[in-house]
Amino acid sequence: MIPKAVEDLFSRAVDVAEELKAPLHLAIEADASERAGLAARFDLVALDSLVASAVLRRLDEGVAVHVEWSADVVQFCVVTLAPVEAHLEEAFDLLYVAEVAATDGRHGVSFGLDDPDPPEPVIDGRIDVGMALAEHFGLALDPYPRAPAAEWPVADDQAAGGEAARAPFAVLASLRAKG
């Protein structure tokens with residue numbers, strides 16, 4: 001089964017041409033089906049909550065977006081596969097510019113390859129805050145979650161700090177010798 005794209009799972013598109021005459025404040029909360037879809041997309045045991053507040057402001061060079069979000073997740077432990085609960089809280093800022101400005105640096109917006117966060121393009125006059133939130137959520141997940149008591153198997157001589165402690169396959173060799 002091919003997982004749905006993030007934009008299909010959690011879209012919160014804003015028409016910046018129509019809706020952004022003044023700063024726009026958005027309250028975002030993923031519903032049960034969106035949480036289930038995002039959990040499947042990011043290989044989570046569960047996504048218990050995902051809430052955010054966003055502020056969009058028009059600037060001379062484009063649209064500034066500030067998002068503060070939090071989530072309660074349950075991931076698989078990389079050692080034991082036991083569920084590992086985590087609470088995430090982060091904030092991020094993005095700058096969106098017209099498609100032409102984003103691709104060629106015109107209209108007073110310039111950026112280089114060394115810039116950490118080049119501007120995002122406004123596509124068809126719309127910004128999808130939900131898609132940006134889902135991307136940042138995915139990046140914030142612990143890539144190697146571990147249960148508090150999870151430990152890698154250790155060979156007897158490795159625990160004592162012997163020569164085998166430096167050998168990368170010492171644990172496997174000790175298991176082979178026992179079997």
Side-chain angles (χ1 to χ4, degrees), residues 1-14 24-56 64-96 114-121 123 126-161 164-176 178-179:
M1 180 176 148
I2 298 173
K4 289 184 174 181
V6 171
E7 58 269 19
D8 294 337
L9 296 172
F10 196 61
S11 180
R12 297 294 192 279
V14 176
L24 178 64
H25 298 265
L26 300 174
I28 301 170
E29 184 170 0
D31 65 27
S33 67
E34 290 169 330
R35 290 192 315 270
L38 289 168
R41 172 71 173 89
F42 293 112
D43 196 26
L44 304 173
V45 175
L47 175 56
D48 296 328
S49 70
L50 176 59
V51 296
S53 64
V55 179
L56 287 76
V65 178
H66 176 76
V67 179
E68 295 178 8
W69 63 272
S70 67
D72 291 306
V73 302
V74 182
Q75 294 178 271
F76 293 103
C77 172
V78 296
V79 178
T80 65
L81 296 180
V84 178
E85 295 180 5
H87 178 77
L88 307 173
E89 286 188 36
E90 291 197 4
F92 63 89
D93 294 294
L94 295 173
L95 174 64
Y96 286 82
D114 295 334
D115 291 343
D117 293 320
E120 300 286 332
I123 299 173
R126 300 169 66 87
I127 293 173
D128 196 331
V129 180
M131 187 169 76
L133 173 57
E135 289 172 357
H136 281 81
F137 166 74
L139 291 171
L141 290 169
D142 185 349
Y144 304 105
R146 292 186 63 177
E151 293 185 22
W152 296 105
V154 177
D156 293 336
D157 56 348
Q158 190 175 12
R166 290 185 288 275
F169 295 102
V171 173
L172 292 175
S174 70
L175 292 174
R176 184 176 182 190
K178 291 178 185 178

Trace of the side chain to side chain contact (heavy atoms under 4.5 Å, CB included) decision for His136 with Leu94: CA-CA 11 Å; His136 281 81; Leu94 295 173; 4.1 Å; yes
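Taking 4.5 Å as the limit, every side-chain heavy atom of Ile28 sits out of range of all side-chain heavy atoms of Trp69. Residues Leu88 and Leu141 form a side-chain contact, since some pair of their non-hydrogen atoms from C-beta on lies under 4.5 Å apart. The closest side-chain heavy-atom distance from Ser70 to His87 is below 4.5 Å.
Closest non-hydrogen pair, Pro143 versus Pro145, comes out as C-CD, 3.5 Å. The heavy-atom pair separating Asp128 from Ala13 by the smallest distance is OD1-N, 3.7 Å. The shortest heavy-atom contact between Arg146 and Val79 is NE-CG2, 3.6 Å. Smallest separation of non-hydrogen atoms from Ala147 and Val84: N-CG2, 3.6 Å.
If you take CG on Leu38 and OG on Ser33, they are separated by 9.5 Å, rounding to the nearest 0.5 Å. Rounding to the nearest 0.5 Å gives a distance of 14.5 Å between CG of Leu95 and NE2 of His66.
Applying the salt bridge (charged side-chain N to carboxylate O under 4.0 Å, His left out) test to pairs two or more places apart or on separate chains, those with a residue in residues 24-37 are Arg12-Glu34.
Aromatic rings of Phe10 and Phe137 (six-membered ring for Trp) have centroids beyond the 6.0 Å cut-off, not under it.
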